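In this text, all values refer to a predicted model and were calculated from it rather than measured experimentally.
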2 protein chains.
Amino acid sequence: MKRTRPFKRKPKRSEPKHREPEVVDPRNIDDDPVVQGILTAISQKRLKPGAKLGEDKLAAAFGTTRIHIRQALSHLASRKAVMQIPNRGAFVYRPSWEEAQDIFAARRIIETAAVSAAVDRLDKAGKAELKAHMEREARHDRNDRWASLSLTAEFHILVAKLAGNRVLLEISRELMLRTSLAIATFEQPGEPDCSPDAHPDIGALILARNKAGAIHAMHHHIEEMEQRIRPKKGEDEVDELTAIFQEIGARARAGG
Amino acid sequence: MKRTRPFKRKPKRSEPKHREPEVVDPRNIDDDPVVQGILTAISQKRLKPGAKLGEDKLAAAFGTTRIHIRQALSHLASRKAVMQIPNRGAFVYRPSWEEAQDIFAARRIIETAAVSAAVDRLDKAGKAELKAHMEREARHDRNDRWASLSLTAEFHILVAKLAGNRVLLEISRELMLRTSLAIATFEQPGEPDCSPDAHPDIGALILARNKAGAIHAMHHHIEEMEQRIRPKKGEDEVDELTAIFQEIGARARAGG
DNA sequence: ATTGTACATATTGTAGACATAAATGCCATG
DNA sequence: CATGGCATTTATGTCTACAATATGTACAAT
């Protein structure tokens with residue numbers, strides 16, 4: 001070493017100047033490969049609602065440590081993609097029947113508004129994007145279930161993107177994911193998520209700048225999706241039990 | 001001990017039966033006192049956008065360890081209440097000007113829909129709640145800034161609650177918080193967040209079941225809020241710099 | 001046969017220590 | 001007087017080990 005300082009000049013640092021963060025790239029946890037992986041697995045329905053997400057197994061699968069897994073899981077929990085239970089672990093989120101209905105209702109509100117804005121703002125680039133997507137969706141292999149699921153989701157995301165509101169886009173993304181969980185929980189086996197003809201119709205109406213028509217078509221489309229799910233009998237029994245126990249628990253907390 | 005078992009009967013466990021979680025209380029990270037504390041501090045504008053949230057300081061302030069703080073911060077980051085920057089720490093989120101506008105636009109869409117649903121579903125209990133809130137808001141101490149802020153936020157939350165859609169309610173909560181960050185970032189000093197007469201008007205229209213009128217009033221109210229904020233000159237310069245540096249960074253990454 | 005108890009195991013939660021990166025202050029140099 | 005390098009300090013990121021909790025199995029008791 002060149003020189004040791006014999007003593008500290010200013011032992012107490014002068015009030016650390018709080019420089020606010022200006023020119024930096026904020027970390028985006030959504031780019032985390034673990035988060036991405038779990039999300040795509042869920043939206044492709046390879047992970048079913050209620051499936052256990054063990055930390056060790058995930059760590060081994062993704063080749064990282066438990067810390068990253070924990071961070072990813074807690075992020076997914078705050079987006080209601082997984083449910084965390086103390087000392088038991090993380091599970092793929094399973095919405096209740098009421099929540100499923102609320103999700104569809106929220107989507108009706110938000111996506112009809114998105115369609116409206118998309119029609120208003122439609123420009124050349126937007127038209128091109130929309131046409132490109134519609135072509136891809138028209139001639140994709142319908143037997144490839146995973147591709148179908150991805151494409152149908154992308155259509156709704158694309159409409160939200162064309163609306164030009166990033167906040168609404170984030171919300172739509174989240175609702176899309178929760179929709180696929182709702183469908184996975186309550187679907188009748190074998191039916192597709194979206195009816196195959198709805199997207200071309202909506203797309204064409206947007207391209208034609210038929211605002212009222214497009215809004216109506218989107219509303220109807222989401223309504224149709226909702227009508228494909230049914231509350232499961234077994235679920236109702238469980239919900240009944242849950243309600244009973246919750247009431248008991250509440251009484252216990254209140255009474256003493 | 002009573003007896004030691006000489007050997008294991010089944011050394012390999014028979015495929016752990018996956019019991020799905022049914023009757024359990026999922027952890028709600030929102031109940032965490034750290035999360036609560038930071039959120040209320042933000043919505044009361046005691047923490048300003050850009051303020052640094054050091055882990056050690058928070059741990060000391062809340063009397064807990066860094067682990068809990070980290071969890072809370074990462075949760076808040078995924079709700080866009082704080083921004084995390086690698087190796088620098090967490091800061092109270094500061095929305096961009098575009099984001100602020102998008103937030104208000106999203107609120108116009110969602111809260112007008114909420115008002116509409118609230119009018120449809122209004123029952124005795126709802127009327128009572130609404131009246132009770134309006135009275136509290138009418139005769140609160142206008143000099144108590146924190147109480148005012150809480151009350152005005154509660155009105156919007158109450159309307160979302162009356163709409164009877166929990167998903168929409170969560171979204172509204174999140175947008176409320178982000179609104180207060182947007183206002184804190186771009187407000188003209190000294191002006192209140194909400195105009196004082198708007199809430200009684202909207203409440204009266206809901207009580208009168210005047211759906212169209214209530215929707216229009218809510219729309220106008222949010223528009224008015226939005227018109228109180230202005231892009232800051234300094235911010236624009238910074239944004240310009242940010243854009244430049246981001247471009248440079250992207251070029252560097254692309255070029256090698 | 002079914003229920004209750006105790007131990008074994010697996011998994012999650014937590015704490016502390018260590019590694020690493022950014023920010024600050026000091027000092028030399030132009 | 002301003003600027004740039006160097007060392008120190010502070011703060012964050014990560015790992016490892018241990019503790020706490022729940023689950024599963026075997027066995028005893030009714």
Side-chain angles (χ1 to χ4, degrees), chain A residues 1-29 31-32 34 50-77 82-91, chain B residues 1-29 32-34 50-77 82-91:
Chain A
M1 62 184 136
K2 290 194 172 181
R3 196 174 78 81
T4 54
R5 198 164 311 155
F7 58 90
K8 297 178 183 179
R9 211 65 71 102
K10 281 184 181 176
K12 194 159 193 177
R13 187 160 287 194
S14 61
E15 186 62 23
K17 248 170 279 177
H18 170 172
R19 272 198 4 206
E20 297 193 353
E22 296 297 0
V23 188
V24 279
D25 35 30
R27 159 176 31 200
N28 200 350
I29 181 78
D31 295 340
D32 185 290
V34 179
K52 163 125 203 199
L53 300 170
E55 297 184 359
D56 282 329
K57 287 182 185 174
L58 288 175
F62 284 99
T64 74
T65 60
R66 266 179 62 206
I67 293 190
H68 298 296
I69 301 295
R70 280 178 82 78
Q71 289 174 356
L73 287 177
S74 92
H75 172 71
L76 291 170
V82 318
M83 177 176 60
Q84 282 181 310
I85 301 170
N87 292 315
R88 296 235 352 234
F91 303 83
Chain B
M1 59 182 139
K2 291 194 173 179
R3 198 171 79 82
T4 54
R5 200 164 312 152
F7 56 86
K8 299 175 181 177
R9 212 65 73 100
K10 281 184 182 177
K12 193 159 195 178
R13 187 163 284 193
S14 60
E15 186 61 23
K17 251 171 277 176
H18 171 171
R19 272 199 3 208
E20 298 191 351
E22 296 295 0
V23 187
V24 280
D25 32 32
R27 157 174 34 198
N28 202 351
I29 182 77
D32 185 288
V34 179
K52 163 121 201 201
L53 301 169
E55 297 183 358
D56 283 328
K57 288 183 184 172
L58 288 174
F62 285 98
T64 152
T65 59
R66 262 180 66 208
I67 294 188
H68 298 296
I69 302 294
R70 282 177 81 79
Q71 288 174 358
L73 287 178
S74 93
H75 173 70
L76 291 169
V82 319
M83 178 176 56
Q84 281 181 310
I85 300 170
N87 293 316
R88 296 233 355 233
F91 304 83

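Candidate nucleotides D/dT14, C/dG13, C/dA21 were compared by shortest atom distance to the side chain of B/Arg66, and D/dT14 ranks first. The listed nucleotides are D/dT12, C/dT14, C/dT12; the one nearest the side chain of A/Asp56 is C/dT12. The nucleotide whose nearest atom lies closest to any side-chain atom of B/Thr65 is, among D/dT12, C/dT11, C/dA15, C/dA15. Side-chain atoms of B/Ile67 lie closest to C/dA15 of the nucleotides D/dT21, C/dA15, D/dT14. Relative to the side chain of A/Arg88, the nucleotides D/dA22, C/dA23, C/dA21 differ in distance, and D/dA22 lies closest. Of the listed nucleotides (D/dC15, D/dG13, C/dT12), D/dG13 has the atom at the smallest distance from the side chain of B/Arg70.
B/Thr65 has its side chain within reach of B/His68: a pair of non-hydrogen atoms, C-beta onward, lies under 4.5 Å apart. The shortest distance between side-chain heavy atoms of A/Lys52 and A/Lys57 does not fall below 4.5 Å. Looking at B/Leu53 and B/Leu58, their side chains come closer than 4.5 Å, going by heavy atoms from C-beta outward.
Rounded to whole Å, the distance from CG on A/Asn87 to C1' on C/dT14 is 11 Å. Taking atom NZ of residue A/Lys52 and atom C1' of nucleotide D/dG24, one finds them 13 Å apart after rounding to whole Å. Per the geometry, CD1 belonging to A/Ile85 stands 12 Å off C1' belonging to D/dA22, to the nearest Å. Taking atom CD of A/Glu55 as the reference point, atom P of C/dT12 lies 5 Å away to the nearest angstrom. Between B/Phe91 atom CZ and C/dA22 atom C1' there is a gap of 11 Å when expressed in whole angstrom units.
When the side-chain nitrogen and oxygen atoms of B/Lys57 are compared with OP1 and OP2 of D/dT12, none of them lie within a distance under 4.0 Å.
Considering every non-hydrogen atom in both B/Ala59 and B/Arg66, the closest pair reads CB-N, 4.2 Å.
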